[in-house]
Number of protein chains: 2
Amino acid sequence: MAQIQRNQPLYEQLMWRIKAQVAAGVLVIGEKLPSVREMALIEGLNPNTVAKAYKALEAQNVIETVTGKGTFIRRNGENADDELVEQLKNKLIEVTIEAKRVSISPNQLHSWIDELYGEKQ
Amino acid sequence: MAQIQRNQPLYEQLMWRIKAQVAAGVLVIGEKLPSVREMALIEGLNPNTVAKAYKALEAQNVIETVTGKGTFIRRNGENADDELVEQLKNKLIEVTIEAKRVSISPNQLHSWIDELYGEKQ
DNA sequence: TACGGTGTACCATGTAACATAGTACACGTA
DNA sequence: TACGTGTACTATGTTACATGGTACACCGTA
């Protein structure tokens with residue numbers, strides 16, 4: 001209904017915003033996220049859409065949800081799920097194929113990666 | 001209707017198969033692709049779905065289509081569209097955030113990239 | 001010229017995902 | 001008890017996908 005969107009569903013966009021904030025250190029472990037209804041107001045989304053994002057994030061162990069209390073940032077996983085690694089590699093393959101096609105050097109990709117890893121350790 | 005699928009639409013899956021074959025050197029510049037109807041039989045898809053993939057690939061300058069003759073592999077683009085680079089970078093950001101989260105080292109990502117760049121120069 | 005192969009453009013149908021709206025429930029805390 | 005929390009429904013509407021089918025303009029060749 002809202003759907004101004006470019007390519008990605010709204011709930012996935014929200015997931016990435018949260019993930020990025022965790023990766024950047026803006027959201028720290030144990031920190032409480034806004035409630036489903038509150039986040040809906042902030043982001044201009046339907047509470048159901050936020051709930052969908054939260055549920056998906058919990059399935060990925062990014063957040064922890066305690067019924068009646070709220071949702072909280074979880075500590076990073078140490079070992080990766082095989083399926084997740086495979087999925088991640090496939091996505092990287094797509095990026096690399098595309099980069100190669102338009103003559104972007106591997107070093108350019110490397111520096112983009114290092115740039116992100118550098119943020120807050 | 002067919003839709004056994006994991007995640008990606010069929011026409012996009014076909015696009016990536018063709019792109020990968022170009023990147024790997026299986027398909028060379030000037031080579032003719034199977035016709036829309038022929039490819040549909042090969043891949044078990046509807047001709048319209050193949051046509052959609054071909055049309056998208058032409059929009060990305062991967063192939064060239066000559067009405068009445070067929071579709072052919074195009075030479076690689078030298079300079080990248082700004083929007084495409086931005087899109088590519090965003091995808092890489094997503095990969096990196098996810099990799100960081102599950103404790104995959106940047107060096108691991110680097111080697112995956114170099115591995116693909118190594119294929120047939 | 002006629003014919004077959006090519007990409008393209010339609011229209012119609014059905015399925016699934018997405019997003020919203022609204023209601024209700026079980027739980028924990030103050 | 002009252003309130004806020006996540007969750008689970010049902011319902012509605014839109015959009016993307018995929019397929020089926022038909023038709024057209026173009027090219028090359030017999």
Side-chain angles (χ1 to χ4, degrees), chain A residues 1-19 22 27 29-74 87 91 94, chain B residues 1-19 22 27 29-74 87 91 94:
Chain A
M1 209 77 162
Q3 281 292 74
I4 308 177
Q5 225 191 300
R6 54 197 104 277
N7 238 330
Q8 250 182 350
L10 298 179
Y11 80 95
E12 278 190 25
Q13 291 179 34
L14 176 59
M15 287 176 66
W16 281 115
R17 275 196 293 276
I18 295 173
K19 280 189 183 184
V22 174
L27 294 173
I29 300 174
E31 189 164 346
K32 185 178 179 300
L33 284 176
S35 75
V36 168
R37 296 167 179 79
E38 199 175 351
M39 180 67 92
L41 287 178
I42 296 173
E43 296 285 344
L45 298 174
N46 188 282
N48 286 330
T49 304
V50 178
K52 188 171 184 179
Y54 279 16
K55 193 179 174 186
L57 283 173
E58 184 174 32
Q60 296 180 3
N61 285 326
V62 177
I63 61 178
E64 187 176 11
T65 158
V66 185
T67 326
K69 286 192 63 178
T71 62
F72 307 87
I73 304 296
R74 200 171 190 151
Q87 187 183 343
K91 206 165 174 179
E94 290 187 357
Chain B
M1 209 74 161
Q3 280 294 73
I4 308 177
Q5 234 192 292
R6 52 196 107 275
N7 239 332
Q8 249 183 350
L10 298 179
Y11 80 95
E12 278 190 25
Q13 291 180 33
L14 177 58
M15 286 175 67
W16 281 114
R17 275 197 292 276
I18 294 174
K19 280 189 183 185
V22 174
L27 293 173
I29 301 173
E31 189 165 345
K32 184 177 178 301
L33 285 176
S35 74
V36 168
R37 296 167 179 82
E38 198 175 353
M39 180 68 91
L41 289 179
I42 295 173
E43 297 284 343
L45 298 174
N46 188 283
N48 286 331
T49 305
V50 178
K52 189 173 185 179
Y54 279 15
K55 192 180 176 184
L57 284 172
E58 184 174 33
Q60 295 180 4
N61 286 324
V62 178
I63 61 177
E64 187 177 9
T65 160
V66 185
T67 326
K69 285 193 65 177
T71 62
F72 307 87
I73 305 296
R74 201 171 189 151
Q87 187 182 343
K91 205 164 175 180
E94 290 188 356

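What you see is a predicted model; the values in this text were computed from it and never measured.
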Point to revise | Listed nucleotide nearest any side-chain atom of Lys55(A), set dT20(C), dA8(D), dT29(C) | key: dA8(D)
Point to revise | Smallest separation among heavy atoms of Tyr54(A) and Leu33(A), with atom names | key: OH-CB, 3.7 Å
**Study point:** Side chain of Lys32(B) - closest among dT7(D), dT6(C), dC27(D)
**Key:** dT6(C)
Check your understanding: Does a side-chain N or O from Tyr54(B) land closer than 4.0 Å to OP1 or OP2 of dG7(C), or not?
Key -> no
Point to revise | Value rounded to 0.5 Å, distance of CD in Glu12(A) from CG in Leu57(A) | key: 10.5 Å
Check your understanding: Would you say Glu43(B)'s side chain and Leu14(B)'s backbone share a donor-acceptor pair under 3.5 angstrom?
Key -> no
Review point. Looking only at side-chain N and O atoms, does Thr65(B) come under 4.0 Å of OP1 or OP2 in dT6(C)?
Key: no
Revision key, fill the gap. Rounded to whole Å, NZ of Lys69(A) lies from P of dG28(C) at a distance of 10 Å
Check your understanding: Considering only dG6(D), dA21(C), dG7(C), which nucleotide approaches the side chain of Thr67(B) most closely?
Key -> dG7(C)
Point to revise | Minimal non-hydrogen separation, Phe72(A) against Gly30(A), with atom names | key: CD2-O, 3.6 Å
Review point. Choosing from dT7(D), dT6(C), dG6(D), which nucleotide comes nearest the side chain of Ser35(B)?
Key: dT6(C)
Review point. Can you find an N or O donor on one side and an acceptor on the other, under 3.5 Å apart, linking the side chain of Asn48(A) with the base of dG22(C)?
Key: yes
Exercise for review: Starting at atom CD of Gln8(B), determine the distance to atom P of dA17(C), rounded to an integer number of angstrom.
Suggested key: 16 Å
Review point. Given dA18(D), dG7(C), dT7(D), which nucleotide is nearest the side-chain atoms of Thr71(B)?
Key: dG7(C)
Check your understanding: Heavy atoms under 4.0 Å, any strand shown: does Glu58(A) hit a base, just sugar-phosphate, or nothing?
Key -> sugar-phosphate
Check your understanding: To the nearest Å, how far apart are Glu38(A) CD and dC3(D) C1'?
Key -> 14 Å
Study note, to complete from the structure: Minimal heavy-atom distance between Lys91(A) and Glu94(B), with the atoms involved, is NZ-OE1, 2.7 Å
**Study point:** Lys52(A) vs dA19(C): side-chain N/O to OP1/OP2 distance below 4.0 Å
**Key:** no
Check your understanding: What nucleotide, of dA18(D), dT8(C), dC18(C), holds the atom closest to the side chain of Pro9(B)?
Key -> dA18(D)
Practice item. Mind calculating the distance between CG (Asn46(A)) and P (dT12(D)) to the nearest angstrom? Key: 16 Å
**Study point:** Distance in angstrom units between Arg37(B) CZ and dG20(D) P, rounded
**Key:** 14 Å
Review point. Atom CE of Met39(B) and atom P of dG5(C): how far apart are they, to the nearest Å?
Key: 18 Å
Check your understanding: Between Lys69(A) and Lys32(A), which heavy-atom pair has the shortest distance, and what is it?
Key -> O-CE, 3.6 Å
Review point. Is the shortest side-chain N/O distance from Tyr11(B) to OP1 or OP2 of dA18(D) below 4.0 Å?
Key: no
Review point. How close or far is atom P of dG5(C) from atom CG of Leu41(B), stated in whole angstroms?
Key: 13 Å
Review point. For dA19(C), does OP1 or OP2 lie under 4.0 Å from any side-chain N or O of Thr49(A)?
Key: no
Exercise for review: Could you state the atom-to-atom distance from CG of Leu10(B) to P of dG14(C) in whole Å?
Suggested key: 20 Å
